[in-house]
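A short write-up of the structure that comes next.
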Amino acid sequence: QVQLVESGGGLVQAGGSLRLSCAASGRTFSNYDMGWFRQAPGKEREFAAAISRSGGSTYYEGSVKGRFTISRDNAKSTVYLQMNNLTPEGTAVYYCAAQSAGTDYYTVSGWPYWGQGTQVTVSS
């Protein structure tokens with residue numbers, strides 16, 4: 001089983017940037033596709049971005065495309081989410097997730113491993 005720990009959340013003004021990190025341990029990191037989801041207050045958890053195990057393919061939810069960038073460093077067993085031009089709608093708990101199946105990136109049920117989440121608050 002893989003363990004995931006997110007960091008890098010915080011309070012930022014609208015238009016600002018944050019970089020989230022997710023450190024993995026317990027299994028060979030390069031065997032897992034990685035994803036970021038977010039859950040706003042009172043809403044369901046939703047897909048934000050994913051990256052293939054090699055880093056060669058990336059996937060984004062429409063509203064974040066062009067503003068968020070997912071990347072990974074397999075030598076450091078870490079995945080990142082660079083978030084630029086943040087808006088108040090980006091206020092949420094951001095979760096890192098891992099899967100080895102290579103399918104169903106866009107739904108929560110497709111990801112068996114989750115971190116505890118990190119809070120991002122965007123003020124207007």
Side-chain angles (χ1 to χ4, degrees):
Q1 186 166 344
V2 61
Q3 290 81 44
L4 304 171
V5 178
E6 301 96 334
S7 62
L11 174 65
V12 63
Q13 288 188 332
S17 299
L18 279 177
R19 187 174 85 152
L20 306 183
S21 300
C22 172
S25 62
R27 287 291 185 268
T28 302
F29 183 67
S30 58
N31 288 343
Y32 293 86
D33 301 323
M34 300 299 296
W36 286 97
F37 283 70
R38 59 185 182 177
Q39 187 165 17
K43 296 188 176 181
E44 295 187 351
R45 196 172 299 187
E46 64 177 15
F47 171 80
I51 187 167
S52 63
R53 59 202 66 190
S54 70
S57 298
T58 56
Y59 309 84
Y60 296 96
E61 189 272 331
S63 69
V64 310
K65 193 174 295 186
R67 299 187 299 118
F68 289 13
T69 302
I70 188 170
S71 62
R72 65 189 295 160
D73 185 337
N74 284 350
K76 295 182 178 180
S77 297
T78 301
V79 62
Y80 305 97
L81 186 68
Q82 176 67 44
M83 306 185 294
N84 298 329
N85 193 21
L86 283 160
T87 69
E89 289 71 31
T91 294
V93 178
Y94 283 71
Y95 295 91
C96 173
Q99 60 150 280
S100 58
T103 62
D104 199 13
Y105 283 175
Y106 297 93
T107 62
V108 171
S109 61
W111 300 83
Y113 306 110
W114 293 87
Q116 82 290 349
T118 185
Q119 176 71 47
V120 172
T121 303
V122 185
S123 64
S124 58

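- Residues satisfying the side-chain hydrogen bond (donor to acceptor under 3.5 Å, both in side chains) test with Gln39, not counting sequence neighbours, are Arg45.
- Cluster membership check: Val122 shares its hydrophobic cluster with Leu81, using side-chain heavy-atom separations under 4.5 Å among Ile, Leu, Val, Met, Phe, Trp and Tyr.
- The side-chain heavy atoms of Cys96 and Trp36, taken from C-beta on, include a pair separated by under 4.5 Å.
- A disulfide (SG to SG under 2.5 Å) check over residues 24-87, counting only residues at least two apart or in different chains, returns nothing.
- With contacts defined as side-chain heavy-atom distances shorter than 4.5 Å, the pair Gln119/Thr91 qualifies.
- The heavy-atom pair separating Gln99 from Gly110 by the smallest distance is NE2-O, 3.2 Å.
- Applying the side-chain hydrogen bond (donor to acceptor under 3.5 Å, both in side chains) rule to Tyr80 yields no partners; only residues at least two apart in sequence or on another chain are considered.
- Applying the salt bridge (charged side-chain N to carboxylate O under 4.0 Å, His left out) test to residues at least two apart or on different chains, none of the pairs has a partner in residues 83-94.
- Taking Gln1 as the reference, Gln3, Tyr113 meet the side chain to side chain contact (heavy atoms under 4.5 Å, CB included) condition, with sequence neighbours excluded.
- Of the possible polar contacts, none joining the Asn74 side chain to the Ser77 backbone as a donor-acceptor pair under 3.5 Å is found.
- Partners of Asn85 under the side-chain hydrogen bond (donor to acceptor under 3.5 Å, both in side chains) rule, at least two apart in sequence or in another chain, do not exist in this structure.
- Nearest heavy-atom pair across Ser124 and Pro88 is CB-CG, 3.8 Å.
- Note that CG of Asp104 is 5.0 Å distant from OG of Ser109, once rounded to the nearest 0.5 Å.
- For residues 59-72, there are no salt bridge (charged side-chain N to carboxylate O under 4.0 Å, His left out) pairs, not counting sequence neighbours.
- Looking at Phe29 and Asp73, their side chains never come closer than 4.5 Å, going by heavy atoms from C-beta outward.
- A search for side-chain hydrogen bond (donor to acceptor under 3.5 Å, both in side chains) contacts involving Arg38 returns Glu46, Ser63, Tyr94, not counting sequence neighbours.
- Listed by first and then second residue, the ring pair (Phe, Tyr, Trp, His ring centres under 6.0 Å) pairs that reach into residues 43-73 are Phe37-Phe47, Phe47-Tyr106, Tyr59-Tyr105, sequence neighbours excluded.
- In this structure the side chain of Leu4 never reaches within 4.5 angstrom of the side chain of Tyr95, judged on heavy atoms.
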Using distance only, find each side-chain donor-acceptor pair of residues 11-26 under 3.5 Å and give its atom names and separation, not counting sequence neighbours.
residue, atom, partner, partner atom, Å
Ser17, OG, Asn84, OD1, 2.9

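- Sorted by first then second residue, the salt bridge (charged side-chain N to carboxylate O under 4.0 Å, His left out) pairs that include residues 47-59, not counting sequence neighbours, are Asp33-Arg53.
- When side chains are defined from C-beta on, Tyr32 counts as touching Arg27, because their heavy atoms get closer than 4.5 Å.
- Listed by chain and number, the residues in a side chain to side chain contact (heavy atoms under 4.5 Å, CB included) with Ser54 are Ser52 (sequence neighbours excluded).
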